[in-house]
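Scroll down for the structure; my scribbles are underneath it.
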Amino acid sequence: MWDAIGIIALLGCLFCLVVTLVAWLRKTGKAKKFAIGAGALFVTMCVAAVNAPPSEKPMAAATTESVQPEQVKQAGVPEPVNNTQITAKVLRAVDGDALEVELDGKKETVRMLLIDTAETKHPDKPVQPFGPEAAAFTKETLEGKEATLEKDVTERDKYGRLLMYVYLDGKMFNATLLEKGLARVAVYPPDVKYVDRFRELQTQAQTAKLGIWSIENYVTETGYDETAVKKEEQQPQVAPAQPEPEPKPEPEPKPEPKPAPVAPPVQEAPKPSTNIVYKNCTEVKSLGKAPLYEGDPGYSRKLDRDGDGVACEK
């Protein structure tokens, strides 16, 4: 329709031009014939313009949307791939699978989706094996860092916690806990976006007997069974057989030293009895014992009259 109106306006302008020509031609005597021809042409063109089909190309509608300025990408933080991801600062690790974060200026508790670590702070359960290890790993890896949070379908659980997949430097931390055997797959529909991938990682850790999978029958469909740990502790531990040591060659016996010859004991000559008493030198001389010296058997002061230590010397 607008195309036809434009044509009619153009023809109007042409008509004005024709009228001007008619006024000029009147002076020449040809104005009547020219005016009849021009009028017929004008009517024909108007009819053709009105009956012309409308153009298939609509006119562009004016937009009222304002162009938003380009958002500045924060250094060191992965750029969100869609509107299901947000960035938050991790304040502390509540447990192996729960965090406290700062989001939009307020504190929020985040529960990681599709995984479950052993308990350390449950009011009705004891500290479970590999729970402290999972909590320590989460604390060491995430505390004080800028993390990217991705939601699935459900935004919060019944405790008011945000349900999220947690990324650090582009790697999903939920999956890392499964790879290291520090968590099991826990499915709560409809939040099952990565469940197939998570089950593959769990199977790999289970085959390698990492972490929670190193204790037989400890991991169940609903959580962790502490009695399996007690049963394993009660089983007698069989020490591995030690290889028998190879026999060492016996050293050759050393020859015993021959005993030194022992000299026969020297028999002392019997000392003469000191109980011999001579009556006088005559007896001594008759027995052939004169002279007697002091110390000889039978010597006495009585026989040594001059006291020179020799008796019966004459």
Side-chain angles (χ1 to χ4, degrees), residues 76-103 107-122 125 128-215 218-224:
V77 178
E79 185 177 0
V81 297
N82 53 49
N83 58 1
T84 65
Q85 292 189 356
I86 54 178
T87 301
K89 182 176 181 180
V90 180
L91 300 178
R92 68 184 184 94
V94 179
D95 209 341
D97 51 17
L99 305 171
E100 185 178 88
V101 303
E102 182 179 347
L103 185 61
K107 293 182 180 179
E108 292 275 8
T109 301
V110 173
R111 176 65 167 81
M112 298 185 203
L113 280 168
L114 277 178
I115 65 167
D116 176 38
T117 61
E119 297 291 347
T120 60
K121 299 180 180 179
H122 197 284
K125 296 181 181 180
Q128 296 173 330
F130 292 99
E133 289 82 349
F137 180 70
T138 300
K139 174 183 175 69
E140 180 182 354
T141 306
L142 297 180
E143 274 194 9
K145 306 288 181 61
E146 293 283 344
T148 301
L149 310 179
E150 179 187 2
K151 75 173 185 177
D152 200 330
V153 177
T154 309
E155 184 174 353
R156 295 180 184 269
D157 62 7
K158 61 182 180 180
Y159 304 107
R161 300 177 296 184
L162 292 171
L163 299 176
M164 295 286 178
Y165 302 103
V166 179
Y167 293 84
L168 182 66
D169 297 330
K171 185 173 182 180
M172 188 190 295
F173 188 73
N174 310 47
T176 301
L177 289 171
L178 291 170
E179 289 175 340
K180 294 183 174 295
L182 296 176
R184 69 179 187 91
V185 175
V187 182
Y188 296 97
D191 303 297
V192 293
K193 185 174 182 180
Y194 301 110
V195 66
D196 293 335
R197 174 188 172 191
F198 279 18
R199 281 177 174 156
E200 291 177 2
L201 296 174
Q202 175 175 276
T203 301
Q204 294 172 8
Q206 187 174 5
T207 302
K209 294 185 177 181
L210 299 178
I212 58 177
W213 304 106
S214 63
I215 304 174
Y218 174 47
V219 183
T220 68
E221 289 293 329
T222 58
Y224 299 90

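Source: prediction; values computed, not measured.
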Between [X] and [Y], what is the shortest heavy-atom contact and its length?
X	Y	value
Val187	Arg199	CG2-NH2, 3.6 Å
Asp152	Val192	OD2-N, 3.2 Å
Leu103	Ile86	CD2-CD1, 3.6 Å
Gly223	Asp116	CA-OD2, 4.2 Å
Ala88	Leu149	CB-CD1, 3.8 Å
Leu182	Ala134	O-CB, 3.8 Å

State whether the side chain of Thr141 and the backbone N or O of Thr138 hold a donor-acceptor pair below 3.5 Å, judged by distance alone.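 No, because the side chain of Thr141 does not come within donor-acceptor range (under 3.5 Å) of the backbone of Thr138.
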Counting only N and O atoms by type, is there a donor-acceptor contact under 3.5 Å from the side chain of Gln206 to the main-chain atoms of Trp213?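 No, the answer is negative, given that no donor and acceptor are paired below the 3.5 Å cut-off.
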Looking at Lys209, I want to see if its NZ is surrounded by more than 12 non-hydrogen atoms of other residues, nucleotides or ligands under 6.0 Å.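 No, because the 6.0 Å sphere around NZ of Lys209 holds 12 heavy atoms or fewer from other groups.
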Working to the nearest 0.5 angstrom, can you tell me the gap between [X] [atom1] and [Y] [atom2]?
X	Y	atom1	atom2	answer
Asp169	Thr148	CG	OG1	9.0 Å
Ile115	Asp97	CD1	CG	5.5 Å
Glu179	Lys171	CD	NZ	4.5 Å
Tyr188	Thr154	OH	OG1	12.5 Å
Glu143	Lys89	CD	NZ	11.0 Å
His122	Lys125	NE2	NZ	5.0 Å

Tell me whether Lys193 is salt-bridged to Glu150, with the criterion being a basic N under 4.0 Å from an acidic carboxylate O.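 Here Lys193 pairs with Glu150 in a salt bridge, since their nearest N and O are under 4.0 Å apart.
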Apply side-chain contact (heavy atoms from CB on, under 4.5 Å) to the pair Tyr165 and Leu114, showing each step before the final yes or no. CA-CA 8 Å; Tyr165 302 103; Leu114 277 178; 3.4 Å; yes
Is the ring pair Tyr224/Tyr218 parallel, tilted or perpendicular, if the boundaries are 30 and 60 degrees?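 Tyr224 and Tyr218: tilted rings.
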Can you confirm whether or not the ring centre of Phe137 sits under 6.0 Å from the ring centre of Phe130?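 Ring centres of Phe130 and Phe137 not closer than 6.0 Å.
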Heavy-atom distance under 4.5 Å between the side chains of [X] and [Y], does that happen here?
X	Y	value
Gln202	Arg184	yes
Arg197	Met172	yes
Leu178	Gln204	no
Lys107	Arg92	no

Determine the sole option in Arg111, Arg161, Glu100 for which the side-chain contact (heavy atoms from CB on, under 4.5 Å) test with Val94 is passed.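 Output: one option passes, namely Glu100.
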Sole residue of Leu113, Val110, Val153 in side-chain contact (heavy atoms from CB on, under 4.5 Å) with Leu163: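 The residue from Leu113, Val110, Val153 that satisfies side-chain contact (heavy atoms from CB on, under 4.5 Å) with Leu163 turns out to be Leu113.
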Set out, in order, the CA-CA distance, both residues' side-chain angles and the distance that settles side-chain contact (heavy atoms from CB on, under 4.5 Å) for Leu162 and Glu155, then state yes or no. CA-CA 6 Å; Leu162 292 171; Glu155 184 174 353; 4.2 Å; yes
Are Met112 and Leu99 close enough, and set up right, to give a side-chain contact (heavy atoms from CB on, under 4.5 Å), and what steps lead you there? CA-CA 8 Å; Met112 298 185 203; Leu99 305 171; 4.0 Å; yes
One pair to check against side-chain contact (heavy atoms from CB on, under 4.5 Å): Val185 and Phe198. What are the steps and the verdict? CA-CA 7 Å; Val185 175; Phe198 279 18; 4.0 Å; yes
